[in-house]
Amino acid sequence: MLIDDYTFEIFTPPCDPTAVRFSAKAHLAADIAQVLPYLNAALEGTAFHPAAHALLWDKGGHKVAFKAREIGVSNVEDRDEALQELAELVELVNRTWEKRDKIIPSMAVRERPTPMKVYQLLPKSNCGVCGETSCWTFAAKLVSGQVQLAACPSLLEDVHCDNLAALQEMVV
């Protein structure tokens, strides 16, 4: 077992003190930098930064950050959900570490797309059908995991099929 002790904190994101959702961090007694390449290989949709000892991942609407001595999760509803998410993430790290002899580690550097890269592939009609005021707002929220591609019905039109495919690859 790699992680056997940690403390946690739950807080409102400092960038949005009026948020109704919360973020949480597990402060780890162990350094987990050595498991990050295995997680990078095992999980889909990660953004790995080996030099920073950081791995970012989207997990069911939650943004997760694995760092050498910290695991962070955002967009949680309450304290109970935060504790559950952190416990599941700690278990994921431990399970991955225990199975590391069956996983080929990956040092592939992948980064999340920027809102601008996403915006360039959107229809740019600012129609509002998605519930956002503009395609730019939609792009920013898509990158941060606050909305899903399916919220933009314009992307389903034949004229946008190539862009939809590219966006699906980008925002896995």
Side-chain angles (χ1 to χ4, degrees), residues 10-26 36-67 70-89 92-93 96 103 106-172:
I10 301 168
F11 53 94
T12 302
C15 58
D16 187 4
T18 64
V20 294
R21 312 254 319 155
F22 298 91
S23 294
K25 288 183 185 176
L36 298 182
Y38 296 95
L39 288 167
N40 190 39
L43 303 174
E44 288 189 24
T46 58
F48 187 41
H49 304 277
H53 302 292
L55 180 77
L56 305 176
W57 180 47
D58 292 325
K59 179 186 182 264
H62 303 289
K63 296 295 183 186
V64 176
F66 297 97
K67 298 179 182 176
E70 180 180 284
I71 300 173
V73 62
S74 67
N75 198 29
V76 292
E77 195 168 307
D78 57 33
R79 180 182 177 84
D80 291 338
E81 183 183 12
L83 293 174
Q84 179 181 339
E85 284 294 324
L86 289 175
E88 288 175 9
L89 293 167
L92 172 65
V93 169
T96 302
I103 302 170
S106 172
M107 296 299 286
V109 177
R110 294 184 294 271
E111 296 183 13
R112 289 187 183 181
T114 63
M116 181 54 78
K117 285 186 181 183
V118 170
Y119 175 75
Q120 290 170 341
L121 295 170
L122 292 175
K124 298 182 204 76
S125 61
N126 298 324
C127 66
V129 175
C130 64
E132 303 303 329
T133 56
S134 67
C135 289
W136 174 254
T137 304
F138 182 80
K141 287 188 174 185
L142 186 63
V143 169
S144 69
Q146 296 174 316
V147 297
Q148 301 296 316
L149 270 175
C152 178
S154 296
L155 285 171
L156 299 177
E157 297 170 6
D158 287 342
V159 69
H160 299 297
C161 67
D162 290 341
N163 289 5
L164 176 59
L167 285 164
Q168 289 169 329
E169 286 289 319
M170 251 188 229
V171 296
V172 172

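Side chains included, hydrogens not; waters and symmetry mates left out as well; all remaining heavy atoms used.
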*Heavy atoms only: give me the nearest Pro115-Ala140 pair and the separation to one decimal.*
CB-CA, 4.0 Å
*Report the C-alpha distance between Glu88 and Leu92 in whole Å, list the side-chain angles of each, state the deciding distance to 0.1 Å, and finish with yes or no for side chain to side chain contact (heavy atoms under 4.5 Å, CB included).*
CA-CA 6 Å; Glu88 288 175 9; Leu92 172 65; over 6 Å; no
*Is there a donor-acceptor pair closer than 3.5 Å between any side-chain N or O of Trp57 and the backbone N or O of Gly45?*
no
*asked:* Tell me the closest heavy-atom pair linking Ile10 and Ala24, and the distance in Å.
replied: CG1-CB, 4.0 Å
_Closer than 3.5 angstrom, by distance alone: can the side chain of Asn75 be matched with the main-chain N or O of Gln146 as a donor-acceptor pair?_
no
*Heavy-atom check, side chain of Phe11 versus side chain of Lys25, under 4.5 Å*: yes
*Do Leu56 and Lys63 touch side chain to side chain, with heavy atoms closer than 4.5 Å?*
no
*Could you name each residue pair satisfying salt bridge (charged side-chain N to carboxylate O under 4.0 Å, His left out) that touches residues 126-154, not counting sequence neighbours?*
Glu132-Lys141
*Look up atom CD in Glu77 and atom CD in Glu85, then write down how far apart they are to the nearest 0.5 Å.*
11.5 Å
*Any chance NZ of Lys59 has more than 12 other-residue heavy atoms, nucleotides or ligands included, within less than 6.0 Å?*
yes
*Write down the atom of Ile103, the atom of Ala41, and the distance for their closest heavy-atom approach.*
CG2-CB, 3.9 Å
*Under 3.5 Å, is there a donor-acceptor pair between the side chain of Asn126 and the main chain of Cys135?*
yes
*Roughly how far apart are Leu36 CG and His53 NE2, rounded to 0.5 Å?*
8.5 Å
*Do any pairs count as a ring-ring contact (aromatic ring centres under 6.0 Å, His included) and have a residue in residues 140-169, sequence neighbours left out, and if so which ones?*
none
*Walk me through it: do Val143 and Thr114 pass the test side chain to side chain contact (heavy atoms under 4.5 Å, CB included)?*
CA-CA 7 Å; Val143 169; Thr114 63; over 6 Å; no
*For Asn40 and Ser106, which heavy atoms make the closest approach, and how far apart are they?*
ND2-O, 2.9 Å
*May I ask you to test the Leu121-Lys117 pair for a side-chain heavy-atom distance under 4.5 Å?*
no
_Verdict with supporting geometry, Thr46 and Leu39, side chain to side chain contact (heavy atoms under 4.5 Å, CB included)_ = CA-CA 9 Å; Thr46 58; Leu39 288 167; over 6 Å; no
*Going by heavy atoms in the side chains, are Pro50 and Val109 under 4.5 Å from each other?*
yes
*Which heavy atom of Ser23 sits nearest a heavy atom of Val76, and at what distance?*
N-CG2, 4.2 Å
*Could you check Phe22 against Arg79 for side chain to side chain contact (heavy atoms under 4.5 Å, CB included), going step by step and ending with a plain yes or no?*
CA-CA 8 Å; Phe22 298 91; Arg79 180 182 177 84; over 6 Å; no
*Is there a side-chain contact between Leu155 and Pro123 (heavy atoms, below 4.5 Å)?*
yes
*asked:* Once ring-ring contact (aromatic ring centres under 6.0 Å, His included) is applied, what residue pairs with a partner in residues 110-144 remain, sequence neighbours excluded?
replied: Tyr119-Trp136
*Any side-chain heavy atom of Leu122 sitting closer than 4.5 Å to one from Asn163?*
no
_Looking at Gln148, I'd like to know if its CD atom is crowded, meaning that more than 12 non-hydrogen atoms belonging to other residues, nucleotides or ligands lie closer than 6.0 Å._
no
